Amino acid sequence: MAPLRVVITGGAGQIAYSLIPLIARGLVFGPDVKVDLRLLDIPPAANALAGVAMEVQDSLFSTALEGVLATTNEVEAFTGAQVAILLGGFPRRPGMERWDLIGKNAGIMKRMGELLETYASPNCKVVVVANPAQTNCYILSIYAPSLPRKNITSLSRLDHDRMIGMLLHEANSRLISDSAADGSECVRRLTAADVRGACIWGNHSNSQVPDVSAVEFFVDGRWVPIESVIPDRTWLGLSNSLPGGGNIGVGPEESLVEAVRKRGAAVLAARKLSSAMSAANAIAEHLSDWLSPEKSGHSPAVSMGVTTDGNPFGVSEGIFSSLPVRCTIGGDWNYDEGFSMTDDVRRHLEASVVELEEEKATALKMLEKAEAAAGSV
Ligand code: NAI
């Protein structure tokens with residue numbers, strides 16, 4: 001079988017450095033799929049990129065890696081790409097407005113869209129990680145009009161996994177302390193496979209809506225509602241925040257919802273570097289659930305940034321948003337119609353959608369401005 005051609009932009013960056021070994025060890029596309037890896041970065045990063053290529057060679061990866069090409073030539077990198085992992089973007093600099101950042105990255109995504117349209121495989125599967133990830137997907141979809149919209153996704157799996165990690169931490173400490181208190185046998189620790197029903201809705205920003213209202217844990221051989229393991233409704237953000245109540249709320253500053261939203265900043269503050277390892281792991285999970293022959297069609301519902309066109313949740317069309325999906329065999333996905341939104345989730349999601357629509361309008365305006373300036377030279 002011909003190797004799978006995969007392009008990673010931002011190949012000399014932090015996330016790529018953690019992601020390449022996962023791909024090269026067969027943990028992303030499956031152990032039997034050989035990968036022909038193309039690492040792209042910009043010319044100022046050429047030396048760093050060459051260093052990464054030396055390390056790949058020194059690591060003797062042979063399980064899944066057929067070959068690796070490190071290049072600053074965009075056409076060479078994108079030609080024939082069957083999977084594109086878009087990490088390359090303009091970082092936020094001190095004093096830079098959020099809207100300037102959106103404009104800069106819209107220009108980069110326009111170029112990526114043109115490259116996908118012209119040089120990649122017509123069925124190329126894309127995951128956008130560079131921020132603003134969902135709005136970048138929208139820009140790509142305009143400049144790669146032949147690519148099916150369902151092939152363009154963005155990463156919200158890191159937020160999803162952060163939420164599950166926090167739930168597991170809390171659930172396990174409660175189960176262990178309960179079993180110690182009643183003198184019962186050592187309790188089985190729950191793992192990610194023992195959690196279902198979690199979802200991140202909306203933008204990959206502070207307006208995202210982490211939703212645990214339908215979460216269940218697999219305890220003692222059966223699925224039980226979240227509150228039977230973690231009864232703290234305030235921490236979960238499940239305390240009544242609307243008249244009539246019973247709905248998820250954003251909750252107080254120290255709630256799970258706020259902790260998920262601020263986790264990236266917390267890692268940055270602690271490490272003085274961004275959360276590259278967990279981001280790389282989340283990209284690996286996103287891609288393997290979607291595309292690997294072993295996992296696609298067998299995974300539970302996951303959060304992915306996808307087109308809102310035709311969604312069953314009532315989210316405005318014409319943007320990309322994090323929504324619950326199920327990946328199906330053969331590299332496709334469907335919205336998970338089993339999820340329904342509580343009134344409070346819908347209210348918070350509406351605010352996130354307004355933000356996504358503003359980002360889209362800003363990105364389009366900045367691209368128009370750049371095109372007008374280029375035309376007047
Ligand atoms: P980084 O700054 O270490 O690496 C980015 C790389 O992209 C650099 O090597 C840079 O030279 C390269 N680059 C810039 N413009 C390019 C272009 N036009 N073509 C090809 N390469 C280009 O950043 P890191 O930590 O690897 O993060 C990558 C992106 O992922 C950032 O935008 C970050 O905000 C985003 N991110 C998104 C997350 C999500 O959950 N959606 C989570 C974590 C990070």
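Reckoned from all heavy atoms, side chains included, excluding hydrogens, waters and symmetry mates. First listed ligand is number 1; within each ligand, the first listed atom is number 1. All of these numbers come straight from a predicted model, not from anything done at the bench.
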Taking [atom] as the reference point, the nearest protein heavy atom with its distance:
atom                    : value
atom 40 (O) of ligand 1 : His204 CE1, 3.0 Å
atom 19 (N) of ligand 1 : Met112 CE, 3.5 Å
atom 42 (C) of ligand 1 : Leu158 CD2, 3.7 Å
atom 6 (C) of ligand 1  : Gly10 CA, 3.6 Å
atom 28 (C) of ligand 1 : Leu87 O, 3.2 Å
atom 4 (O) of ligand 1  : Gly13 CA, 3.3 Å
atom 2 (O) of ligand 1  : Pro91 CB, 4.9 Å
atom 17 (C) of ligand 1 : Ile42 CG2, 3.5 Å

Taking only heavy atoms of [X], which atoms of ligand 1 are found under 4.0 Å from at least one of them?
X      : value
Gly88  : 7 (O), 13 (N), 21 (N), 22 (C)
Ser274 : 25 (O)
Gly89  : 7 (O), 13 (N), 14 (C), 15 (N)
Ile108 : 15 (N), 18 (N)

How close do [X] and [Y] get, counting heavy atoms only, and between which atoms?
X      : Y      : result
Gly264 : Arg162 : CA-NH2, 3.5 Å
Pro231 : Arg174 : CD-NH1, 3.5 Å
Tyr143 : Glu371 : OH-OE2, 3.2 Å
Ser288 : Leu27  : CB-O, 4.2 Å

*Mark whether atom 25 (O) of ligand 1 lies under 4.0 angstrom from at least one protein heavy atom.*
yes

*Looking at atom 21 (N) of ligand 1, is any protein heavy atom nearer than 4.0 Å to it?*
yes

Short N or O distance, [X] and ligand 1, threshold 3.5 Å exclusive:
X      : result
Ser275 : no
Asp159 : no
Thr9   : no
Ile15  : yes

Could you tell me whether [X] and [Y] have a side-chain N and a carboxylate O separated by less than 4.0 Å?
X      : Y      : answer
Asp159 : Arg261 : no
Arg111 : Glu114 : yes
Arg346 : Glu350 : no
Asp194 : Arg189 : no
Arg38  : Asp36  : yes

*Shared hydrophobic cluster, Leu22 / Met277 (ILVMFWY, side-chain heavy atoms < 4.5 Å)*: no

_The criterion is ring pair (Phe, Tyr, Trp, His ring centres under 6.0 Å); which residues satisfy it with Tyr335, sequence neighbours excluded?_
Trp333

Is ligand 1 under 4.0 Å from a heavy atom in the side chain of [X], in the backbone, in both, or in neither?
X      : value
Glu74  : neither
Asp41  : both
Leu155 : both

*Applying side-chain contact (heavy atoms from CB on, under 4.5 Å) between Ser303 and each of Asp336, Ile200, Asp161, Leu323, report the one that passes.*
Ile200

*Look at atom CG of Asp220 and say whether more than 12 heavy atoms of other residues, nucleotides or ligands are closer to it than 6.0 Å.*
no

*Give a yes/no verdict on whether any heavy atom in Ala276 is under 4.0 Å from an atom of ligand 1.*
no

*At the 4.0 Å heavy-atom cut-off, does Arg111 count as touching ligand 1?*
no

*Does Phe313 reach the side chain of Pro324, with side-chain heavy atoms less than 4.5 Å apart?*
yes

